[in-house]
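Beneath this line is the structure, given in structure tokens, with notes to follow.
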Amino acid sequence: MAKKTTAKKAPEKKQKGPKLEKQDNWLTRQVKRTRWWFWRGAIWAASITIFAVLLYIIVDPPTTWTMRSEKARIGEVDYQWIDIDEVAPVFLRSVVAAEDANFCLHWGFDVAAIRAALDEGGRRGASTLTQQTVKNAYLWQGRSWIRKSIETLLTPLIEIAWTKRRILEIYVNIAEFDEGVFGVDAAAHHYFGVEPADLSALQAARLAAVLPAPKTRSASKPNSVVRNRAAAIMDGAATIRKDRRSTCFED
């Protein structure tokens, strides 16, 4: 007589209690809420960034973080905006020769300069004029990974949205040339008592020579470092004009 076989019953799934179901629902709601706020914050951040970049295409920066901090520290700053057409071309070439000789050739980052800086162990900077303009116009001074990361994100946007001439115009107007002295207009009057359009090649080179350390260097009372640097800048500015590396910012 054949034995009867009985089918095995599948193990019953344990039903979650009301308390566990309530916890799961709360967790799901929190995840969805966090995700919603994250994307909303990201969209707002991107929108504000794009707006800030586009705004300075037509609006001249009224102030910067550095100007505000200097004003709070020393009480007053000297800053007057001037159109790039009212600045001596030799000064523009001097700034490019001093700070970023390949300004017209790169898209915001000078890869060759970055490699050279890395080869030297990071002992020298490799920031382009575009990067410095981003830092001066939108960010704060000092070294930090947060600031550098934001600067790196903004730099290609600036290169896309602004012309090279506009980048240089903003840079020479908001760079610090002495304690509390910002921009080429204030600097030309402060050091030499002349209009920016009347700067000589030597005066332009000396102004450019103080840019890396405006609080410790003087264009009107140059030490040996400034004199030697200015001589090199004069040669560099002449070379940039000769090989037409100034065409992106000169008419």
Side-chain angles (χ1 to χ4, degrees), residues 48-71 77-110 125-142 147-148 150-178 180-190 195-197 199 204 207-212 214 233 237 240 245-251:
I48 292 171
T49 299
I50 292 170
F51 174 75
V53 169
L54 295 179
L55 181 66
Y56 280 177
I57 294 176
I58 55 175
V59 175
D60 303 328
T63 186
T64 65
W65 283 30
T66 305
M67 290 181 198
R68 288 195 293 270
S69 64
E70 284 296 279
K71 187 174 182 179
V77 298
D78 189 0
Y79 169 58
Q80 180 63 48
W81 182 273
I82 187 170
D83 289 341
I84 196 170
D85 293 331
E86 300 177 61
V87 179
V90 68
F91 173 74
L92 301 177
R93 291 192 294 270
S94 296
V95 169
V96 172
E99 299 293 296
D100 185 4
N102 293 321
F103 177 60
C104 288
L105 307 179
H106 61 66
W107 49 275
F109 302 101
D110 191 337
S127 291
T128 62
L129 273 173
T130 310
Q131 290 174 275
Q132 293 182 55
T133 303
V134 168
K135 179 185 68 175
N136 291 341
Y138 296 108
L139 306 174
W140 59 94
Q141 303 298 317
R147 198 222 73 201
K148 199 65 180 178
I150 299 173
E151 177 189 303
T152 302
L153 290 172
L154 284 175
T155 295
L157 292 179
I158 295 297
E159 282 280 342
I160 292 170
W162 301 1
T163 63
K164 291 283 190 178
R165 186 174 172 84
R166 180 59 172 170
I167 293 170
L168 187 57
E169 180 177 45
I170 289 182
Y171 177 80
V172 301
N173 269 288
I174 62 177
E176 188 175 17
F177 288 87
D178 196 359
V181 178
F182 292 88
V184 59
D185 185 70
H189 287 94
H190 172 72
E195 296 294 330
L199 287 168
L207 284 179
V210 307
L211 284 170
I233 289 171
I240 285 173
R245 273 183 290 160
S246 60
T247 53
C248 70
F249 58 85
E250 288 188 333
D251 293 333

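- Taking the side chain as every heavy atom from C-beta outward, Leu105 and Arg245 approach each other to under 4.5 Å.
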Run the numbers on Asp178 and His190 for side chain to side chain donor-acceptor pair (under 3.5 Å), then give the verdict. CA-CA 9 Å; Asp178 196 359; His190 172 72; 2.7 Å; yes

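- For Asn136, the side-chain hydrogen bond (donor to acceptor under 3.5 Å, both in side chains) test picks out Gln141, with sequence neighbours left out.
- Counting heavy atoms from C-beta on, the side chains of Pro61 and Trp81 come closer than 4.5 Å.
- Of all heavy-atom pairs spanning Cys104 and Lys164, the tightest one is CA-CE, 4.5 Å.
- In this structure, Tyr138 contributes its side chain and Ile150 its backbone to no donor-acceptor pair below 3.5 Å.
- Expressed to the nearest 0.5 Å, how far CG of Leu157 lies from CH2 of Trp162 amounts to 10.5 Å.
- When side chains are defined from C-beta on, Ile174 counts as touching Met67, because their heavy atoms get closer than 4.5 Å.
- Among residues two or more places apart in sequence or in another chain, the side-chain hydrogen bond (donor to acceptor under 3.5 Å, both in side chains) test is passed with Lys148 by Ser127, Glu151.
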Can Val95 and Leu168 be said to form a side chain to side chain contact (heavy atoms under 4.5 Å, CB included), step by step? CA-CA 9 Å; Val95 169; Leu168 187 57; 4.2 Å; yes

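- For Lys71 against Val77, the heavy-atom pair with the smallest separation is N-CG1, 3.7 Å.
- In terms of heavy-atom proximity, Ile233 sits nearest to Ser94 at CG2-O, 3.5 Å.
- Across all non-hydrogen atoms, the minimal contact from Ile82 to Pro196 is CD1-CG, 3.6 Å.
- The line from OG1 of Thr155 to CG of Leu129 is 11.5 Å long, rounded to the nearest 0.5 Å.
- Using a 4.5 Å heavy-atom threshold, the side chains of Gln80 and Asn173 count as separate.
- With rounding to the nearest 0.5 Å, the separation of CD1 in Ile167 from OH in Tyr56 is 15.0 Å.
- Across all their heavy atoms, Ile57 and Ala161 have their closest contact at CD1-O, 3.5 Å.
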Report the C-alpha separation of Thr130 and Phe103 in whole Å, then their side-chain angles, then the decisive distance to 0.1 Å, and conclude whether the side chain to side chain contact (heavy atoms under 4.5 Å, CB included) test is met. CA-CA 8 Å; Thr130 310; Phe103 177 60; 3.9 Å; yes

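- Under the 3.5 Å distance criterion, the side-chain polar atoms of Ser69 are matched with a main-chain donor or acceptor of Thr66.
- The CZ atom of Arg93 sits 7.0 Å away from the CZ atom of Phe249 when rounded to the nearest 0.5 Å.
- By the 4.5 Å heavy-atom criterion applied to side chains, Glu70 and Glu176 are counted as neighbours.
- For Arg165, the side-chain hydrogen bond (donor to acceptor under 3.5 Å, both in side chains) partners are Asp85, not counting sequence neighbours.
- Taking each heavy atom of Phe177 and Pro214 in turn, the nearest pair found is C-CB, 3.6 Å.
- Looking at heavy atoms from C-beta onward, Gln131 lies out of side-chain contact with Ile158 at the 4.5 angstrom threshold.
- Contact annotation: the side chain of Val53 never approaches that of Ile50 to less than 4.5 Å [non-hydrogen atoms, C-beta and beyond].
- Contact of the Tyr79 side chain with the Thr64 side chain is not registered, since no non-hydrogen atoms from C-beta on lie closer than 4.5 Å.
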Run the side chain to side chain contact (heavy atoms under 4.5 Å, CB included) test on Tyr171 and Val184 for me, step by step, so that the C-alpha distance in whole Å, both residues' side-chain angles and the decisive distance to 0.1 Å come before the verdict. CA-CA 9 Å; Tyr171 177 80; Val184 59; over 6 Å; no

Worked verdict on His106 versus Asp100 for side chain to side chain donor-acceptor pair (under 3.5 Å): CA-CA 10 Å; His106 61 66; Asp100 185 4; 2.7 Å; yes

Verdict with reasoning, Leu139 to Trp65, per side chain to side chain contact (heavy atoms under 4.5 Å, CB included): CA-CA 7 Å; Leu139 306 174; Trp65 283 30; over 6 Å; no

